[in-house]
Amino acid sequence: MTDKDGFGPITRNRRRATITSAKSETVKLRNGATAAASDLKSGPKARESLSKNLQINEDSKQKCDRYDKMSCHKLQESMLSSASSFKNYRGILNWCVVMLVLSNARLFLENLLRYGILVDPIQVVSLFLKDPYSWPAACLVIVSNVFILVALYTERKLAMGSFSEKVGLLIYIFNLTIILCFPMAVVLKLPSITPVGGAFSLGVYTILFLKLYSYKDVNRWCRERTQAKARSLSRSLSCPSSPSASSTMQSHVSYPGNLSLRDMYFFVCAPTLCYELNFPRSESIRMGFLLRRLFEMLLLTQLLVGLTQQWIVPVIRSSMKPLQEMDYSRMTERLLRLAVPNHLIWLIFFYWFFHSSMNFVAELLRFGDREFYRDWWNSETITYFWQNWNIPVHKWCLRHFYKPLLRRGAGKLLSQSAVFFASAFFHEYLVSVPLRMFRLWAFMGMMAQLPLAWFVARFLRGNYGNAAVWLSLIIGQPIAVLMYVHDYYVTHCQDDPAIAEDL
Ligand SMILES: CC(C)(COP(=O)(O)OP(=O)(O)OC[C@H]1O[C@@H](n2cnc3c(N)ncnc32)[C@H](O)[C@@H]1OP(=O)(O)O)[C@@H](O)C(=O)NCCC(=O)NCCS
């Protein structure tokens with residue numbers, strides 16, 4: 001920008017000078033020509049001088065052309081200047097990747113030299129089981145079938161008219177409340193359940209809660225539609241059903257034909273939280289695709305475990321002392337040290353869960369809708385990130401919570417706040433209960449998304465907005481992780497001599 005101002009006038013002066021000299025040549029030529037024309041009348045001497053003049057003009061014209069060819073400057077901006085239209089930064093992107101690989105290789109070596117090999121696949125089993133003869137998390141998952149059957153039974157009774165809508169709603173409220181409270185009570189009261197086992201079973205129950213809520217809503221909408229159709233039919237009995245509709249109905253399940261065990265368990269296993277009577281289905285199972293996803297799942301699970309054991313655990317252990325002593329500069333250093341492996345693991349987890357695992361299950365069930373995520377990595381606003389990173393949850397939020405609230409007359413901000421409040425509740429539920437401590441860090445992290453979304457949308461645009469989204473992910477998560485780990489250590493492990501020795 002400054003270089004434009006600096007070099008503009010010089011070029012302009014040079015240009016003006018060139019134009020003036022060219023003009024003067026023309027003037028000379030004209031003057032010469034007129035003079036020669038007047039001299040033409042005065043014999044051979046005059047003719048000679050005319051040809052001489054023309055020769056001089058030709059020479060100067062050639063000189064001018066040669067000068068133009070020799071000129072190597074033109075009006076232009078430097079490539080890195082924002083005023084230049086240059087956009088191809090592929091080489092710089094490659095440089096970033098090379099630098100990233102090199103700096104991480106250094107970190108990897110440093111980690112190996114300092115701690116040795118910490119990866120231990122057998123230790124992973126102990127994260128799920130304290131006692132190999134007691135599998136409380138697996139038992140909890142098996143018990144969840146009771147709630148599925150209660151929901152199906154209620155729906156059948158509602159469809160037959162044996163239960164009124166009010167009774168059905170009461171049973172659902174009871175069933176859904178127990179789905180959240182029962183595993184929570186078990187995890188809090190049963191000492192044999194590990195934090196990881198607890199988080200897994202609570203995750204399964206939370207998914208089930210969201211699925212059965214959707215099941216309830218969709219079946220109610222079907223009953224409402226059937227009743228509305230029946231009313232309109234009774235008003236005009238002569239109205240024939242269209243042939244095209246009846247032919248399409250043959251291949252489609254219609255209410256209450258969907259209330260079967262098979263349909264219910266298909267929905268429970270399908271990689272979606274939103275129930276539909278007729279899901280889009282793929283033609284067949286592609287074995288190659290299925291095996292590729294399975295291979296990715298196995299490989300990435302090993303990688304996730306290895307990175308956590310080798311990289312995250314030592315950093316977290318070394319962060320305890322600065323956290324306890326409230327040494328802010330060392331706390332910041334440990335936070336930044338944790339940010340890189342934490343973010344890498346989060347990215348791998350994203351691919352493992354939303355691409356490999358969900359596609360694997362979908363392929364196995366021939367479930368056709370594979371939009372489990374969209375391009376959240378291009379988010380220029382926090383809102384865009386939440387709309388695109390977890391599509392199953394976002395779709396559920398929109399269909400069963402956000403839009404019903406809007407339809408009931410709630411404002412957009414209130415509805416958004418309600419969705420984020422519910423999401424914050426579930427995040428806290430999934431972290432606090434397995435760790436057996438209530439600290440609200442996850443809750444606050446989720447609620448903080450609202451003011452952050454406002455700030456980014458208001459003050460940052462384009463690449464700056466995208467950088468803000470990345471920064472909130474890279475720095476925000478390790479802050480919450482450190483808070484929980486610190487509090488967990490203080491409440492559970494402070495007296496453990498093995499960990500105290502490590503500090
Ligand atoms: C809160 C949330 C649902 C808002 O979503 P959004 O896409 O920003 O919402 P918008 O206001 O843009 O509107 C979305 C839809 O509602 C519709 N809508 C908007 N105002 C409406 C109104 N007054 N009445 C009816 N519909 C309305 C829009 O037309 C749009 O419909 P479409 O999806 O068919 O295009 C979203 O941010 C979200 O999912 N947040 C939580 C995510 C989360 O917690 N994920 C957890 C992952 S671990």
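In each ligand, atom 1 is the first atom listed, and ligand 1 is the first ligand listed.
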salt_bridge([X], [Y]) N-O dist < 4.0 Å:
X: Glu155; Y: Lys216; value: no
X: Glu296; Y: Arg292; value: no
X: Glu363; Y: Arg293; value: no

Listing request: all ring pair (Phe, Tyr, Trp, His ring centres under 6.0 Å) pairs with a residue in residues 395-418, at least two apart in sequence or in separate chains. Tyr213-Trp396, Trp221-His400, Trp396-His400
Evaluate the ring planes of [X] and [Y], with Trp represented by its six-membered ring, and classify them as parallel (under 30°), tilted (30 to 60°) or perpendicular (over 60°).
X: His355; Y: Tyr351; answer: tilted
X: Phe266; Y: Phe367; answer: tilted
X: Trp386; Y: Phe420; answer: perpendicular

So which heavy atom in the protein is nearest [atom], and how far is it from that ligand atom?
atom: atom 39 (O) of ligand 1; result: His394 ND1, 2.7 Å
atom: atom 22 (C) of ligand 1; result: Leu406 CD1, 3.7 Å
atom: atom 3 (C) of ligand 1; result: Leu398 CD2, 3.8 Å
atom: atom 42 (C) of ligand 1; result: Trp386 CE3, 4.0 Å
atom: atom 8 (O) of ligand 1; result: Gln387 NE2, 2.7 Å
atom: atom 41 (C) of ligand 1; result: Val419 CG1, 3.7 Å
atom: atom 40 (N) of ligand 1; result: Phe420 CZ, 3.7 Å

Looking at Ser318, is its backbone amide N or carbonyl O close enough to the side chain of Arg334 to form a donor-acceptor pair, meaning the two atoms are under 3.5 Å apart? yes
With a 3.5 Å distance limit and no angle check, can you tell me whether Ser103 reaches the backbone of Met99 through a side-chain donor-acceptor pair?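 It does hold such a pair.
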Please could you name the atoms of ligand 1 that [X] approaches to less than 4.0 Å, counting only its heavy atoms?
X: Ser423; result: 43 (C), 44 (O), 46 (C)
X: Trp389; result: 47 (C)
X: Met446; result: 44 (O)
X: Val393; result: 45 (N), 46 (C)

Ignoring angles and geometry beyond distance, decide whether [X] reaches within less than 3.5 Å of ligand 1 through its nitrogen or oxygen atoms.
X: Asn390; answer: no
X: Thr383; answer: no
X: Tyr402; answer: yes
X: His427; answer: no
X: Arg407; answer: no

Look up atom 10 (P) of ligand 1 and tell me if a protein heavy atom lies less than 4.0 Å from it?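 So atom 10 (P) of ligand 1 has protein heavy-atom neighbours under 4.0 Å.
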Under 4.0 angstrom from atom 1 (C) of ligand 1, is there any protein heavy atom?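 There is a protein heavy atom less than 4.0 Å from atom 1 (C) of ligand 1.
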Does Val431 reach the side chain of Phe443, with side-chain heavy atoms less than 4.5 Å apart?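 A side-chain contact is absent here, since even the closest heavy-atom pair is not under 4.5 Å.
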Would you say the side-chain atoms of Tyr384 and Asn378 include a donor-acceptor pair closer than 3.5 Å?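 Side-chain D/A pair, Tyr384 to Asn378: absent.
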Using a 4.0 Å heavy-atom threshold (strictly under), name the region of Phe401 that reaches ligand 1: side chain, backbone, both or neither.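 Near ligand 1, Phe401 shows nothing, with every heavy atom at 4.0 Å or more.
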Keeping to residues at least two apart or across chains, list the side-chain hydrogen bond (donor to acceptor under 3.5 Å, both in side chains) pairs with something in residues 336-345.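 Those involving residues 336-345 are Glu333-Arg337, Asn342-Gln477.
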Can you check which of Gln449, Arg399, Lys403, Lys395 brings a heavy atom nearest to atom 15 (C) of ligand 1?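 Looking at heavy atoms only, Lys403 sits closest to atom 15 (C) of ligand 1.
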